[in-house]
Amino acid sequence: MKYTYAELAGMIDHALLHPTMTDAEMRAGCELARQYAVASVCIKPYAVRLAVEALRGSRVAVGTVIGFPHGSNTTAIKCSETEQACDDGATEIDVVINIGKALGGDWFYTENELREITQVTHGRGALLKVIFETDFLTDDATKIHLCEICDQAGVDFVKTSTGFGFVRQADGGFHTVGATAHDLALMRAHTSEKVQVKASGGVRNLDALISARDLGAARCGTSATAAILDEYRRREAAGNEVISAPLSTSDAGAKSNY
(Lines give C-alpha, C1' and ligand atoms only; values in the text may rest on other atoms or scores of the structure.)
Protein backbone atom coordinates (compact mmCIF):
# COMPACT_ATOMS: atom_id res chain seq x y z
CA MET A 1 0.00 0.00 0.00
CA LYS A 2 1.16 3.53 -0.79
CA TYR A 3 0.56 4.72 2.78
CA THR A 4 0.50 2.83 6.05
CA TYR A 5 -2.64 2.38 8.09
CA ALA A 6 -1.22 4.68 10.76
CA GLU A 7 -0.51 7.41 8.20
CA LEU A 8 -4.07 7.41 6.87
CA ALA A 9 -5.84 6.89 10.19
CA GLY A 10 -3.69 9.71 11.56
CA MET A 11 -5.24 12.06 8.99
CA ILE A 12 -8.83 11.54 10.13
CA ASP A 13 -10.82 13.90 12.31
CA HIS A 14 -13.86 11.71 12.96
CA ALA A 15 -16.91 13.97 12.58
CA LEU A 16 -19.66 13.84 15.19
CA LEU A 17 -21.48 17.00 14.13
CA HIS A 18 -24.82 16.06 12.62
CA PRO A 19 -27.55 17.99 14.48
CA THR A 20 -29.61 14.84 15.08
CA MET A 21 -26.81 12.94 16.87
CA THR A 22 -27.70 11.92 20.40
CA ASP A 23 -25.30 11.71 23.33
CA ALA A 24 -25.32 7.92 23.05
CA GLU A 25 -24.41 8.15 19.36
CA MET A 26 -21.60 10.57 20.09
CA ARG A 27 -20.21 8.28 22.80
CA ALA A 28 -20.31 5.41 20.31
CA GLY A 29 -18.52 7.64 17.81
CA CYS A 30 -15.79 8.37 20.34
CA GLU A 31 -15.36 4.64 20.94
CA LEU A 32 -15.10 4.11 17.18
CA ALA A 33 -12.43 6.80 16.98
CA ARG A 34 -10.49 5.07 19.76
CA GLN A 35 -10.86 1.67 18.08
CA TYR A 36 -9.60 2.93 14.70
CA ALA A 37 -6.83 5.09 16.25
CA VAL A 38 -7.68 8.25 14.32
CA ALA A 39 -6.22 11.69 14.95
CA SER A 40 -9.24 13.26 16.64
CA VAL A 41 -12.96 13.54 17.01
CA CYS A 42 -14.64 16.75 15.93
CA ILE A 43 -17.71 16.93 18.12
CA LYS A 44 -20.56 19.35 18.81
CA PRO A 45 -19.48 22.07 21.26
CA TYR A 46 -21.75 21.11 24.14
CA ALA A 47 -20.36 17.54 24.01
CA VAL A 48 -16.66 18.38 24.41
CA ARG A 49 -16.64 17.21 28.02
CA LEU A 50 -18.42 14.01 26.98
CA ALA A 51 -15.68 13.33 24.43
CA VAL A 52 -12.86 14.15 26.85
CA GLU A 53 -14.24 11.59 29.29
CA ALA A 54 -14.95 8.97 26.62
CA LEU A 55 -11.46 9.26 25.14
CA ARG A 56 -9.52 9.48 28.39
CA GLY A 57 -6.40 7.33 28.19
CA SER A 58 -6.33 7.29 24.37
CA ARG A 59 -4.24 9.29 21.92
CA VAL A 60 -7.33 10.61 20.13
CA ALA A 61 -7.57 14.39 20.45
CA VAL A 62 -10.83 16.22 21.09
CA GLY A 63 -11.80 18.98 18.70
CA THR A 64 -14.91 21.06 18.21
CA VAL A 65 -16.40 23.72 15.95
CA ILE A 66 -16.86 27.46 16.47
CA GLY A 67 -19.31 29.73 14.65
CA PHE A 68 -20.63 26.58 13.01
CA PRO A 69 -21.80 26.15 10.33
CA HIS A 70 -22.40 29.66 8.93
CA GLY A 71 -19.65 31.71 10.57
CA SER A 72 -21.94 34.66 11.25
CA ASN A 73 -21.41 35.06 14.99
CA THR A 74 -19.64 38.17 16.20
CA THR A 75 -15.92 37.91 16.82
CA ALA A 76 -16.52 38.29 20.56
CA ILE A 77 -18.91 35.34 20.56
CA LYS A 78 -16.48 33.20 18.55
CA CYS A 79 -13.72 34.02 21.02
CA SER A 80 -16.01 33.20 23.94
CA GLU A 81 -17.01 29.90 22.33
CA THR A 82 -13.34 29.08 21.86
CA GLU A 83 -12.52 29.85 25.49
CA GLN A 84 -15.39 27.63 26.66
CA ALA A 85 -14.39 24.78 24.36
CA CYS A 86 -10.76 24.87 25.49
CA ASP A 87 -11.79 25.13 29.14
CA ASP A 88 -13.95 22.02 28.60
CA GLY A 89 -10.93 20.15 27.24
CA ALA A 90 -10.83 20.70 23.48
CA THR A 91 -7.32 20.85 22.04
CA GLU A 92 -8.34 21.49 18.42
CA ILE A 93 -10.65 24.27 17.24
CA ASP A 94 -12.32 24.46 13.80
CA VAL A 95 -13.74 27.96 13.22
CA VAL A 96 -15.85 29.14 10.29
CA ILE A 97 -14.87 32.46 8.75
CA ASN A 98 -17.45 35.22 8.35
CA ILE A 99 -18.32 34.17 4.80
CA GLY A 100 -20.24 37.31 3.90
CA LYS A 101 -17.36 39.53 5.00
CA ALA A 102 -14.94 37.57 2.81
CA LEU A 103 -17.25 37.66 -0.20
CA GLY A 104 -17.74 41.39 0.34
CA GLY A 105 -13.99 42.00 0.42
CA ASP A 106 -13.88 43.22 4.02
CA TRP A 107 -10.40 41.87 4.60
CA PHE A 108 -9.73 44.14 7.55
CA TYR A 109 -12.58 42.51 9.48
CA THR A 110 -11.61 39.02 8.35
CA GLU A 111 -7.97 39.35 9.30
CA ASN A 112 -8.67 40.97 12.67
CA GLU A 113 -11.20 38.28 13.57
CA LEU A 114 -8.79 35.47 12.72
CA ARG A 115 -5.96 37.12 14.62
CA GLU A 116 -8.14 37.44 17.73
CA ILE A 117 -9.33 33.84 17.57
CA THR A 118 -5.79 32.60 16.92
CA GLN A 119 -4.56 34.45 20.00
CA VAL A 120 -7.29 32.93 22.18
CA THR A 121 -6.77 29.42 20.79
CA HIS A 122 -2.99 29.40 21.02
CA GLY A 123 -3.15 31.03 24.42
CA ARG A 124 -4.88 27.89 25.64
CA GLY A 125 -2.49 25.55 23.86
CA ALA A 126 -4.91 24.42 21.17
CA LEU A 127 -4.64 24.14 17.38
CA LEU A 128 -6.74 26.38 15.12
CA LYS A 129 -8.26 25.24 11.83
CA VAL A 130 -9.98 27.89 9.71
CA ILE A 131 -12.95 26.78 7.57
CA PHE A 132 -13.37 28.66 4.29
CA GLU A 133 -16.64 26.99 3.15
CA THR A 134 -15.37 26.72 -0.42
CA ASP A 135 -18.80 25.88 -1.86
CA PHE A 136 -19.75 29.52 -1.24
CA LEU A 137 -16.51 31.07 -2.56
CA THR A 138 -16.96 31.59 -6.28
CA ASP A 139 -13.48 32.66 -7.34
CA ASP A 140 -9.95 31.50 -6.64
CA ALA A 141 -8.75 35.02 -5.80
CA THR A 142 -10.90 35.03 -2.64
CA LYS A 143 -9.57 31.63 -1.56
CA ILE A 144 -5.98 32.71 -2.20
CA HIS A 145 -6.43 35.91 -0.19
CA LEU A 146 -7.87 33.90 2.68
CA CYS A 147 -4.86 31.58 2.56
CA GLU A 148 -2.55 34.59 2.78
CA ILE A 149 -4.48 36.08 5.71
CA CYS A 150 -4.44 32.75 7.56
CA ASP A 151 -0.70 32.46 7.03
CA GLN A 152 -0.14 35.96 8.38
CA ALA A 153 -2.44 35.35 11.36
CA GLY A 154 -0.50 32.23 12.35
CA VAL A 155 -3.31 29.69 12.16
CA ASP A 156 -2.42 25.99 12.12
CA PHE A 157 -4.70 24.72 9.33
CA VAL A 158 -6.79 25.98 6.47
CA LYS A 159 -9.86 23.82 5.87
CA THR A 160 -12.14 23.52 2.87
CA SER A 161 -15.65 23.09 4.23
CA THR A 162 -18.10 22.45 7.03
CA GLY A 163 -19.84 19.67 5.12
CA PHE A 164 -23.08 21.62 5.57
CA GLY A 165 -22.57 24.39 3.00
CA PHE A 166 -25.56 23.62 0.81
CA VAL A 167 -25.91 25.75 -2.32
CA ARG A 168 -29.20 26.19 -4.19
CA GLN A 169 -29.09 24.59 -7.64
CA ALA A 170 -30.92 25.54 -10.84
CA ASP A 171 -33.53 22.83 -10.16
CA GLY A 172 -34.30 24.34 -6.75
CA GLY A 173 -32.53 21.60 -4.82
CA PHE A 174 -29.58 22.08 -2.49
CA HIS A 175 -26.23 20.36 -3.02
CA THR A 176 -22.84 20.63 -1.39
CA VAL A 177 -19.54 19.41 -2.80
CA GLY A 178 -17.00 19.97 -0.06
CA ALA A 179 -13.33 19.27 -0.72
CA THR A 180 -12.21 19.21 -4.36
CA ALA A 181 -8.84 18.39 -5.88
CA HIS A 182 -8.68 21.92 -7.27
CA ASP A 183 -9.24 23.61 -3.92
CA LEU A 184 -6.85 21.38 -1.99
CA ALA A 185 -4.08 22.00 -4.51
CA LEU A 186 -4.78 25.74 -4.46
CA MET A 187 -4.78 25.95 -0.65
CA ARG A 188 -1.55 23.96 -0.40
CA ALA A 189 0.12 26.15 -3.04
CA HIS A 190 -0.82 29.43 -1.34
CA THR A 191 0.10 28.70 2.27
CA SER A 192 3.53 28.31 3.79
CA GLU A 193 4.86 25.07 5.24
CA LYS A 194 3.84 26.17 8.75
CA VAL A 195 0.15 26.00 7.75
CA GLN A 196 -1.40 22.60 7.07
CA VAL A 197 -4.44 21.78 4.94
CA LYS A 198 -7.57 19.92 6.02
CA ALA A 199 -10.00 18.38 3.52
CA SER A 200 -13.60 18.23 4.65
CA GLY A 201 -16.90 17.36 3.01
CA GLY A 202 -17.24 14.69 0.35
CA VAL A 203 -14.40 12.42 1.52
CA ARG A 204 -16.40 9.24 1.83
CA ASN A 205 -14.06 6.49 0.68
CA LEU A 206 -10.45 5.34 0.84
CA ASP A 207 -9.55 6.55 -2.64
CA ALA A 208 -10.71 10.09 -1.84
CA LEU A 209 -8.65 10.07 1.37
CA ILE A 210 -5.56 8.92 -0.52
CA SER A 211 -6.16 11.58 -3.17
CA ALA A 212 -6.45 14.25 -0.47
CA ARG A 213 -3.12 13.17 1.01
CA ASP A 214 -1.49 13.15 -2.42
CA LEU A 215 -2.64 16.75 -2.86
CA GLY A 216 -1.04 17.83 0.41
CA ALA A 217 -3.84 17.48 2.97
CA ALA A 218 -2.61 16.55 6.44
CA ARG A 219 -6.07 16.05 7.96
CA CYS A 220 -9.49 15.05 6.70
CA GLY A 221 -12.86 15.50 8.33
CA THR A 222 -15.26 12.63 7.68
CA SER A 223 -17.95 10.55 9.33
CA ALA A 224 -17.14 7.59 7.05
CA THR A 225 -14.15 6.53 9.15
CA ALA A 226 -15.09 2.87 9.58
CA ALA A 227 -15.88 2.35 5.89
CA ILE A 228 -12.63 4.03 4.82
CA LEU A 229 -10.32 2.18 7.19
CA ASP A 230 -12.06 -1.18 6.83
CA GLU A 231 -11.51 -0.85 3.09
CA TYR A 232 -7.84 -0.17 3.75
CA ARG A 233 -7.55 -3.43 5.70
CA ARG A 234 -9.35 -5.36 2.93
CA ARG A 235 -7.04 -4.02 0.24
CA GLU A 236 -3.98 -4.51 2.39
CA ALA A 237 -4.89 -8.16 2.89
CA ALA A 238 -5.56 -8.62 -0.83
CA GLY A 239 -2.45 -6.71 -1.93
CA ASN A 240 -4.64 -4.44 -4.04
CA GLU A 241 -4.57 -0.63 -4.15
CA VAL A 242 -6.92 0.55 -6.88
CA ILE A 243 -7.75 4.25 -7.05
CA SER A 244 -11.29 4.16 -8.42
CA ALA A 245 -13.14 7.10 -6.87
CA PRO A 246 -10.82 10.05 -6.18
CA LEU A 247 -11.88 13.51 -5.09
CA SER A 248 -14.03 15.64 -7.34
CA THR A 249 -11.95 17.74 -9.71
CA SER A 250 -14.51 20.54 -9.95
CA ASP A 251 -16.71 22.60 -7.70
CA ALA A 252 -20.02 21.29 -9.04
CA GLY A 253 -22.04 18.19 -9.55
CA ALA A 254 -21.35 16.15 -6.41
CA LYS A 255 -23.21 15.70 -3.17
CA SER A 256 -21.45 15.77 0.17
CA ASN A 257 -22.37 14.19 3.46
CA TYR A 258 -19.86 15.11 6.15
Side-chain angles (χ1 to χ4, degrees), residues 8 11-13 15 17 39 42 63 65 67-71 94-105 107 110-111 114 127-153 155-169 174-224 228 243 245-258:
L8 293 179
M11 289 179 65
I12 293 177
D13 293 344
L17 295 170
C42 191
V65 288
F68 194 86
H70 298 135
D94 292 34
V95 64
V96 186
I97 65 163
N98 187 309
I99 300 160
K101 287 290 191 182
L103 289 173
W107 300 118
T110 303
E111 181 170 359
L114 291 178
L127 297 176
L128 181 63
K129 306 168 196 166
V130 176
I131 306 172
F132 289 9
E133 200 64 288
T134 48
D135 281 77
F136 293 151
L137 305 181
T138 56
D139 65 278
D140 285 352
T142 300
K143 300 169 194 173
I144 290 169
H145 203 119
L146 283 168
C147 285
E148 294 168 347
I149 285 174
C150 286
D151 222 327
Q152 293 162 8
V155 311
D156 300 290
F157 284 81
V158 290
K159 175 179 172 181
T160 56
S161 320
T162 64
F164 297 93
F166 291 92
V167 179
R168 185 186 293 274
Q169 306 298 302
F174 288 86
H175 294 172
T176 181
V177 176
T180 67
H182 172 83
D183 285 336
L184 289 176
L186 180 146
M187 292 165 81
R188 182 63 282 164
H190 291 280
T191 49
S192 68
E193 291 182 359
K194 67 183 180 181
V195 178
Q196 299 187 80
V197 177
K198 177 175 174 178
S200 182
V203 182
R204 306 287 300 167
N205 57 62
L206 177 60
D207 296 324
L209 181 64
I210 291 170
S211 294
R213 188 178 180 96
D214 286 344
L215 289 161
R219 290 284 189 91
C220 173
T222 184
S223 59
I228 290 170
I243 305 299
L247 284 167
S248 171
T249 57
S250 69
D251 291 337
K255 294 183 179 180
S256 168
N257 183 358
Y258 195 108

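Computation of the quantities below employed the complete heavy-atom set of this structure, encompassing side-chain atoms and omitting hydrogens, waters and symmetry-equivalent molecules.
For the atom pair CG of L17 and OG1 of T162, the computed distance is 9.0 Å after rounding to the nearest 0.5 Å. Rounded to the nearest 0.5 angstrom, R219 CZ and D94 CG are separated by 9.0 Å. Within the model, atoms CG of D183 and NZ of K159 stand 14.5 Å from one another, a figure rounded to the nearest 0.5 Å. With values rounded to the nearest 0.5 angstrom, E148 atom CD is found 9.5 Å from L146 atom CG. Rounded to the nearest 0.5 Å, atoms CE (M11) and OG1 (T222) are 10.5 Å apart.
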side-chain contact (heavy atoms from CB on, under 4.5 Å), that's the test. Do M187 and K143 meet it? Break it down for me. CA-CA 7 Å; M187 292 165 81; K143 300 169 194 173; 5.6 Å; no

Pair T110, N98 - check side-chain contact (heavy atoms from CB on, under 4.5 Å), show working. CA-CA 7 Å; T110 303; N98 187 309; 5.7 Å; no

Report the C-alpha distance between V197 and L215 in whole Å, list the side-chain angles of each, state the deciding distance to 0.1 Å, and finish with yes or no for side-chain contact (heavy atoms from CB on, under 4.5 Å). CA-CA 9 Å; V197 177; L215 289 161; over 6 Å; no

Would L206 and L8 count as a side-chain contact (heavy atoms from CB on, under 4.5 Å) if you check the C-alpha gap in whole Å, the side-chain angles of each, and the deciding distance to 0.1 Å? CA-CA 9 Å; L206 177 60; L8 293 179; 3.8 Å; yes

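Checked for salt-bridge contact, K194 and D156 miss the test: no charged N lies under 4.0 Å from a carboxylate O.
The shortest non-hydrogen separation linking I131 to S161 is CG2-C, 3.4 Å. The minimum heavy-atom distance linking P69 with F164 is given by the pair CB-CB, 4.2 Å. Contact detail for L209 and V203: the closest heavy-atom pair is N-CG1, 3.8 Å. Heavy-atom minimum distance, T191 versus R188: OG1-NH2, 3.0 Å. Of all heavy-atom pairs spanning F132 and I97, the tightest one is O-CD1, 3.8 Å. The heavy-atom pair separating A218 from F157 by the smallest distance is CB-CE2, 4.2 Å.
Under 3.5 Å, the side chains of D151 and H190 contain no donor-acceptor pair of N or O atoms. The closest side-chain donor-acceptor pair between D214 and S211, if any, does not fall under 3.5 angstrom. For the residue pair R204 / S223, a side-chain donor-acceptor distance below 3.5 Å is found, with atom types taken as modelled.
Side-chain contact between C150 and L114 is present, with at least one heavy-atom pair separated by less than 4.5 Å. The shortest side-chain heavy-atom distance between T160 and L184 falls under the 4.5 Å cut-off. Residues L186 and H182 are in side-chain contact: their nearest non-hydrogen atoms beyond the backbone lie under 4.5 Å apart.
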